[in-house]
Peer 1: 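Before anything else, here's the structure in question.
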2 protein chains.
Amino acid sequence: MQGEPSPNDERPTLKTIAYLTGLGVTTVSRALKDGPEIGEDTKQRVRLIAQQIGYRPNRAGVRLRTGKTNVISLILNTHEEGYGFISAMVYGISEALSSTPYHLVVTPHSLSDPMEPVRYIVETKSADGIIISRTEPNDPRVRYMQSQGFPFATHGRTEIERPHAFYDYDNAEFAKEAIRHLVSRGRKKIALLGPPNALYYHKHTVSGFLEGLKQAGLSAVVFDDVDSDRPMADIKAFGEKLGHSDDRPDGIVASSAMAAIALISGLEDSGRKVGQDFDIVAKQSTMPLNWYRKEIITIDEDFREAGRYLAQSVLAVINGAEPASLQHLAKPRGA
Amino acid sequence: MQGEPSPNDERPTLKTIAYLTGLGVTTVSRALKDGPEIGEDTKQRVRLIAQQIGYRPNRAGVRLRTGKTNVISLILNTHEEGYGFISAMVYGISEALSSTPYHLVVTPHSLSDPMEPVRYIVETKSADGIIISRTEPNDPRVRYMQSQGFPFATHGRTEIERPHAFYDYDNAEFAKEAIRHLVSRGRKKIALLGPPNALYYHKHTVSGFLEGLKQAGLSAVVFDDVDSDRPMADIKAFGEKLGHSDDRPDGIVASSAMAAIALISGLEDSGRKVGQDFDIVAKQSTMPLNWYRKEIITIDEDFREAGRYLAQSVLAVINGAEPASLQHLAKPRGA
DNA sequence: TTCACCATCTGTATCGTTACAGATTTTTCC
DNA sequence: GGAAAAATCTGTAACGATACAGATGGTGAA
């Protein structure tokens with residue numbers, strides 16, 4: 001026992017507790033993590049004192065010794081600005097982490113190199129787990145983290161054979177459901193304002209869309225010039241052009257609320273009215289879309305739940321769970 | 001989640017560089033931080049090798065030794081969900097931090113105890129600086145951080161004498177400008193849907209509002225039952241009730257875009273039309289409000305800029321700058 | 001009695017970094 | 001030439017935690 005008298009203005013460490021209890025530092029450490037080689041009464045005593053003096057393990061110490069950071073990193077690209085669902089994700093994740101020792105670090109990156117933050121985190125081990133979004137079918141970030149054995153969960157699926165934890169929204173089902181709504185209102189010429197090509201949920205959305213049309217005996221119109229990720233001003237301009245075109249659709253499926261608003265805005269500028277000249281079905285997450293135009297048909301997507309699920313999944317993976325068992329496909333909920 | 005064995009060896013440390021250069025670990029450390037007692041050619045050599053092998057300082061090591069975390073903590077309360085401006089703030093902060101070694105940690109808290117996360121971070125020194133929002137006139141968090149000499153910056157001012165870094169939006173000016181717009185459209189009975197009482201910007205908004213009315217020779221109507229922070233459904237309900245009331249206003253100033261949408265939504269349910277029965281001026285941040293109703297009069301607020309400024313300010317405070325010189329009052333920009 | 005064995009507890013080394021107090025060499029100046 | 005000063009460089013000891021290999025003492029079996 002090499003304990004010095006402890007000055008009590010400093011933050012307590014294991015040494016402080018060791019001094020107060022007359023035990024060794026090692027014993028205190030083991031006691032606090034409920035190690036098997038420590039007597040029950042000793043554990044009680046240590047826990048009591050630790051609680052009384054408000055001991056909190058020094059994260060730098062733990063991290064240096066064990067490599068454990070107690071950090072989950074959420075990687076976001078700056079593109080997503082303005083869409084507001086990030087807040088919901090962040091809160092969902094925070095919620096799930098609040099009862100754990102984990103912290104949430106938000107790591108942004110520009111579109112130029114999506115791999116860079118992932119590589120940085122893995123190489124420097126600056127987090128125990130990663131959450132990424134906007135997955136591509138053959139996402140290099142997923143491949144990389146798998147090859148490195150690094151725990152992660154993705155918002156969105158991939159085509160990669162080896163299973164990984166994910167939370168995804170059933171966009172095929174969304175598209176089919178959307179078409180059902182439009183068909184039931186007598187719409188015949190249905191178009192899709194879908195996600196950008198590169199992202200995997202583009203495929204799900206399109207395949208659901210095509211299947212839905214087939215079931216309804218209709219043929220397809222997919223907007224090629226524009227996707228739901230484009231700047232709102234572009235989508236609006238596209239909408240206006242579309243409204244003036246002769247073979248404009250009378251039904252629209254929109255993969256994002258903001259894109260829907262922008263598109264409607266443009267269509268209205270060309271004199272078309274939602275609910276009359278056309279109907280539109282859109283995903284709704286944060287803001288109630290019906291307050292914008294009550295004629296919009298909405299289908300809910302819950303990003304807070306996504307955040308919660310993703311956080312819990314990464315933690316599970318970190319604790320050795322099988323990624324294959326941590327996959328969730330959320331069913332659209334009509335609103 | 002097991003992967004392939006990691007391809008190359010261990011992560012390089014100072015020891016690695018010391019071995020490669022034949023220098024001592026201390027020398028390498030000093031060289032990399034450009035210490036004065038190291039020869040110029042040695043520095044060059046060390047830097048070169050460090051760069052070649054991709055050396056990155058181990059943050060846990062630095063933190064344990066120096067106490068420096070290289071972390072800025074943004075404290076958010078879960079209430080703010082759905083308002084979407086958080087994304088903008090987060091990106092603004094990230095942008096400012098991207099060229100520095102600092103990371104952004106998002107620390108949420110429930111409304112129950114706003115002090116808890118602040119105390120935790122200060123006590124455990126788990127960040128080098130803190131950013132808080134939604135300040136009260138005599139904000140206990142500010143008092144606490146000041147008393148502890150902890151670097152921070154606030155989104156919003158306080159009444160506290162001792163200066164601290166802040167970024168605030170000139171809500172008094174906003175209200176006055178808003179009234180000018182309304183008066184110029186012949187509105188005579190103007191009401192305010194302002195922020196909650198407890199927050200300091202409530203006072204600024206109200207005083208600007210009252211002054212604006214006085215200049216226009218009008219008298220005031222302030223909604224007492226509702227504020228811009230309330231759930232949107234409540235605001236909408238209030239709007240509907242208001243629309244049916246006999247002494248309803250013909251001009252409205254709204255402190256938040258979402259609140260404005262909710263209120264309009266309610267007023268419309270009671271048969272009132274914006275631009276006809278009433279005009280409304282609202283703050284606009286992420287989404288273009290005119291796409292919702294083109295008659296809304298908007299005044300811009302830039303949260304991304306706020307985030308940037310706040311991040312730069314905390315860093316400056318950390319580096320010893322005078323908080324009094326890090327105060328910014330953003331002027332409203334009419335849109 | 002002896003000794004293996006278990007239950008508890010402890011000291012030492014270590015993670016990567018930097019502060020500090022030397023150590024060594026070179027330069028300067030008389 | 002020699003001593004003091006300056007310029008470089010180095011080893012050791014922390015920071016707080018944990019892995020590991022011993023200690024210590026008590027128990028029960030032979």
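Lettering follows sequence order; numbering is per chain, from 1. Only this structure's heavy atoms are used, side chains among them; waters, hydrogens and symmetry mates stay out.
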Peer 1: Among all residues two or more places apart in sequence or in another chain, which pass the side-chain contact (heavy atoms from CB on, under 4.5 Å) test with Thr107(A)?
Peer 2: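 By the side-chain contact (heavy atoms from CB on, under 4.5 Å) rule, Thr107(A) matches Ser73(A), Ile75(A), Val105(A), Pro117(A), Ile121(A).
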Peer 1: With a cut-off of 3.5 Å and sequence neighbours excluded, list every side-chain donor-acceptor pair involving residues 152-159 of chain A.
Peer 2:
unit_1	atom_1	unit_2	atom_2	d
Thr154(A)	OG1	Gly156(A)	O	2.6
Arg157(A)	NE	Asp168(A)	OD2	2.7
Arg157(A)	NH2	Asp168(A)	OD2	3.4
Arg157(A)	NH2	His204(A)	ND1	3.4
Thr158(A)	OG1	Ile160(A)	N	3.2
Thr158(A)	OG1	His164(A)	NE2	2.9

Peer 1: Tell me, for nucleotides 7-13 of chain D in 5' to 3' order, what letter each nucleotide earns: B for a base near a protein heavy atom under 4.0 Å, S for only sugar-phosphate near one, - for neither?
Peer 2: -BBBBBB
Peer 1: How many whole angstroms separate atom CG of Asn58(A) from atom P of dC15(D)?
Peer 2: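 Atom CG in Asn58(A) sits about 11 Å away from atom P in dC15(D).
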Peer 1: Using whole Å, report how far CG of Asp34(B) lies from C1' of dT18(C).
Peer 2: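 Those two atoms, CG and C1', are 16 Å apart.
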Peer 1: Between dT17(C) and Thr66(B), is there an OP1 or OP2 to side-chain N/O distance shorter than 4.0 Å?
Peer 2: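 No, outside the criterion.
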Peer 1: Check this one for me: any side-chain N or O of Ser29(B) less than 4.0 Å away from OP1 or OP2 of dT17(C)?
Peer 2: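 The answer is no; no side-chain N or O of Ser29(B) sits under 4.0 Å from OP1 or OP2.
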Peer 1: Atom CD1 of Ile17(A) and atom C1' of dA17(D): how far apart are they, to the nearest Å?
Peer 2: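 Taking CD1 of Ile17(A) and C1' of dA17(D), I get 12 Å after rounding.
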Peer 1: Strictly below 4.0 Å, N to O, side chains only: are Arg143(A) and Glu161(A) in salt-bridge contact?
Peer 2: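 Salt bridge between Arg143(A) and Glu161(A), a charged N being under 4.0 Å from a carboxylate O: yes.
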Peer 1: Starting at atom CG of Leu32(A), determine the distance to atom P of dG16(D), rounded to an integer number of angstrom.
Peer 2: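 Distance, rounded to whole Å: 16 Å.
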Peer 1: List the residues meeting side-chain contact (heavy atoms from CB on, under 4.5 Å) with Ser29(B), not counting sequence neighbours, and say none if there are none.
Peer 2: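 Counting only residues at least two positions away or on another chain, Ser29(B) forms a side-chain contact (heavy atoms from CB on, under 4.5 Å) with Leu14(B).
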Peer 1: Lys43(A): what forms a side-chain contact (heavy atoms from CB on, under 4.5 Å) with it, not counting sequence neighbours?
Peer 2: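 Checked Lys43(A) against side-chain contact (heavy atoms from CB on, under 4.5 Å); matches are Ala31(A), Asp34(A), Ile38(A), Glu40(A), Arg47(A).
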Peer 1: Counting only side-chain heavy atoms from C-beta out, which of dC15(C), dT18(D), dG16(D) sits nearest to Val62(A)?
Peer 2: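 The listed nucleotide nearest to Val62(A)'s side chain is dT18(D).
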Peer 1: Output the rounded distance in Å from CZ (Arg63(A)) to C1' (dT17(C)).
Peer 2: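 Between C1' of dT17(C) and CZ of Arg63(A): 13 Å.
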Peer 1: Apply side-chain contact (heavy atoms from CB on, under 4.5 Å) to Asn70(B) and list each qualifying residue two or more places apart in sequence or on a separate chain.
Peer 2: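 side-chain contact (heavy atoms from CB on, under 4.5 Å) list for Asn70(B), sorted by chain: Arg59(B), Lys68(B), Pro101(B), Tyr102(B), Asp128(B).
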Peer 1: May I ask you to verify if any side-chain N or O of Lys33(B) is less than 4.0 angstrom from the OP1 or OP2 atom of dT18(C)?
Peer 2: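 For Lys33(B), the contact criterion (side-chain N or O under 4.0 Å from OP1 or OP2 of dT18(C)) is met.
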Peer 1: Once you round it to whole Å, what is the distance between P of dT17(C) and CG of Asn70(B)?
Peer 2: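 In whole Å, dT17(C) P and Asn70(B) CG are 13 Å from each other.
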